[in-house]
2 protein chains.
Amino acid sequence: MSIISPSHYICFKLSRAMRKVQRYYEVNLVPLEITAVQFYVISSLWETDGIKFKELAQKLSMDGATLTGILDRLERQRFVTRKDDPEDRRSVLVFLAEKSLAQRDEFRRLAETLDNEIRDQFNSQDFATFSRMLDQIGQD
Amino acid sequence: MSIISPSHYICFKLSRAMRKVQRYYEVNLVPLEITAVQFYVISSLWETDGIKFKELAQKLSMDGATLTGILDRLERQRFVTRKDDPEDRRSVLVFLAEKSLAQRDEFRRLAETLDNEIRDQFNSQDFATFSRMLDQIGQD
DNA sequence: CCTCGTTTGTTTGTATACGAATATTGTAGT
DNA sequence: ACTACAATATTCGTATACAAACAAACGAGG
């Protein structure tokens, strides 16, 4: 069996590309004092404010234990708030706080700029294939 | 400006797909007592045993601080050993230990099986485009 | 009601990931 | 030989990521 470099494994390629893009996002998100993952959480809340913790985790394909920590930090920085669900005492509802609502357009503009800068590096048909495959791999 | 779900951002798609694939790898790597990232390190060493720490980090597009921790754990589990570089006292050389050499073919077979199982889910032309784009994004 | 299994969110432990600071060593220029 | 800067690996602090264990609350069936 011939020797295969890690750079031939699709899992490694994915990991490397993801780290590269995420680092690029995070460098540019520094002035907003937010990480890329935290931005995804806030984006989800713009779509559905007051969503249940469980549903938020599903929307983000994220482990609940991971989301707990992320919400802890977002709450500490006053980007979101947790409230008890009046209909189920086990459940927690997550809301955007003032600080997120106030900066909504800045966040969004920057995120779309970053996304477009990646997109512009590729032939649009290739990019469509790429995006579709990422969705297919990432689907639940 | 319309509301955009995080699932439309390419960075989120990449992150989600990468986590999914990596989790799949790691579930199957459990019996070998090794993580996906640790497998990449060992694969690199199969190509170039006794490589310099710095070069290993570059080969893996990995931050040195991250690699230090990974080597600590691999060394503790006796998969690799560190040795002083006789030509530069700042530098460290990384070698495979017996335990890695002995299981080389098992590791390789499993990794290729997992890789092929991903690959087989797609049209081969689409997969080629996908792979090429991951390389392009991930290049230094 | 009561009990038992399930659901929900958190906590804990471990493993990446990376910026910043650090200690040590190398090297170029004088 | 000295100085100043550069390169190397580690350490520290913080943020994901996830499995496993946990506490609290729900709900179906008796």
Side-chain angles (χ1 to χ4, degrees), chain A residues 6 11-12 14-30 33-41 51-58 60-77 79 82-94 138, chain B residues 6 11-12 14-30 33-41 51-58 60-77 79 82-94 138:
Chain A
C11 186
F12 176 77
L14 257 173
S15 164
R16 188 179 50 186
M18 180 273 194
R19 283 183 279 121
K20 182 93 176 292
V21 173
Q22 182 151 310
R23 204 154 51 245
Y24 176 65
Y25 270 57
E26 300 214 326
V27 165
N28 288 283
L29 285 172
V30 164
E33 296 180 294
I34 206 171
T35 67
V37 172
Q38 289 169 0
F39 176 75
Y40 306 148
V41 174
I51 192 176
K52 288 185 192 206
F53 176 94
K54 183 70 184 289
E55 290 172 9
L56 183 57
Q58 283 166 347
L60 295 161
S61 304
M62 184 179 289
D63 191 280
T66 302
L67 185 55
T68 292
I70 293 167
L71 290 181
D72 286 348
R73 288 179 286 278
L74 281 174
E75 203 163 23
R76 197 179 56 204
Q77 296 180 269
F79 283 110
R82 285 175 171 103
K83 290 176 187 163
D84 293 340
D85 182 347
E87 294 177 355
D88 186 341
R89 295 205 297 152
R90 291 170 305 182
S91 181
V92 170
L93 305 180
V94 187
Chain B
C11 187
F12 175 78
L14 257 172
S15 165
R16 189 180 48 186
M18 180 272 193
R19 283 183 279 122
K20 182 94 175 292
V21 173
Q22 182 151 310
R23 204 153 52 244
Y24 176 66
Y25 269 59
E26 300 214 326
V27 166
N28 291 98
L29 285 172
V30 164
E33 295 180 294
I34 205 170
T35 67
V37 172
Q38 288 168 359
F39 176 74
Y40 305 148
V41 173
I51 193 176
K52 288 185 191 205
F53 176 94
K54 182 70 183 287
E55 290 172 9
L56 183 56
Q58 283 166 347
L60 295 162
S61 304
M62 184 178 289
D63 191 280
T66 302
L67 186 55
T68 292
I70 294 167
L71 290 181
D72 286 347
R73 288 179 286 277
L74 282 174
E75 203 163 23
R76 196 180 58 206
Q77 296 179 268
F79 283 110
R82 284 174 171 102
K83 290 177 187 163
D84 292 339
D85 182 347
E87 293 177 356
D88 185 341
R89 295 206 297 153
R90 292 170 304 180
S91 180
V92 170
L93 304 180
V94 187

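Residue numbers begin at 1 in each chain, while the letters A, B, ... track the order of the sequences. Just so we're clear, the structure is a prediction, and the values are computed from it rather than from any experiment.
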B/D84 has an atom CG; how far is it from atom P of D/dT10, in whole Å? 10 Å
Atom-to-atom span, CD of B/Q22 to C1' of C/dA15 - whole angstrom: 10 Å
Separation of atom CG in A/L29 from atom C1' in D/dT16, rounded to whole Å: 15 Å
Just jot down the ring-ring contact (aromatic ring centres under 6.0 Å, His included) partners of A/Y40, sequence neighbours excluded, or say none. B/F12
Using side-chain heavy atoms (C-beta onward) and a distance below 4.5 Å, is B/R76 in contact with B/R73? yes
More than 12 heavy atoms of other groups within 6.0 Å of A/E33 CD: no
Would you mind reading off the distance between A/E87 atom CD and C/dG9 atom P, rounded to a whole angstrom? 13 Å
Over how many whole Å does the gap from A/M62 atom CE to D/dT16 atom P extend? 8 Å
Do the side chains of A/Q38 and A/Q77 get nearer than 4.5 Å, heavy atoms only? yes
Nucleotide C/dA17, atom C1' - distance to OH of B/Y40 in whole Å: 14 Å
In terms of side-chain geometry, is the basic nitrogen of A/K52 or A/D85 positioned less than 4.0 Å from the acidic oxygen of its partner? yes
Beyond-backbone contact of A/D84 with A/L93, side-chain heavy atoms, under 4.5 angstrom: no
Could you check which of C/dA17, D/dT11, D/dA17 has an atom nearest any side-chain atom of B/A65? D/dT11
With heavy atoms under 4.0 Å as the rule, sort A/T35 into base, sugar-phosphate or nothing. sugar-phosphate
Which whole-number value in Å describes the distance from A/E26 CD to D/dT16 C1'? 9 Å
Among C/dG26, C/dA17, D/dA15, find the nucleotide with the atom closest to the side chain of A/Q38. D/dA15
Of all residues at least two apart in sequence or in a different chain, which pass the salt bridge (charged side-chain N to carboxylate O under 4.0 Å, His left out) check with B/E55? none
For A/R90, all residues meeting salt bridge (charged side-chain N to carboxylate O under 4.0 Å, His left out), sequence neighbours excluded: A/D88
Sorted by number, residues from residues 69-77 of chain B placing a heavy atom under 4.0 Å from DNA chain D are none
Atom CZ of A/R16 to atom P of C/dT16: distance rounded to whole Å? 18 Å
Listed partners of B/D72 passing side-chain hydrogen bond (donor to acceptor under 3.5 Å, both in side chains), at least two apart: B/R82
Going 5' to 3' along nucleotides 4-9 of chain D, which nucleotides have protein heavy atoms under 4.0 Å from the base (write B), which only from the sugar-phosphate (write S), and which from neither (write -)? ---BSS
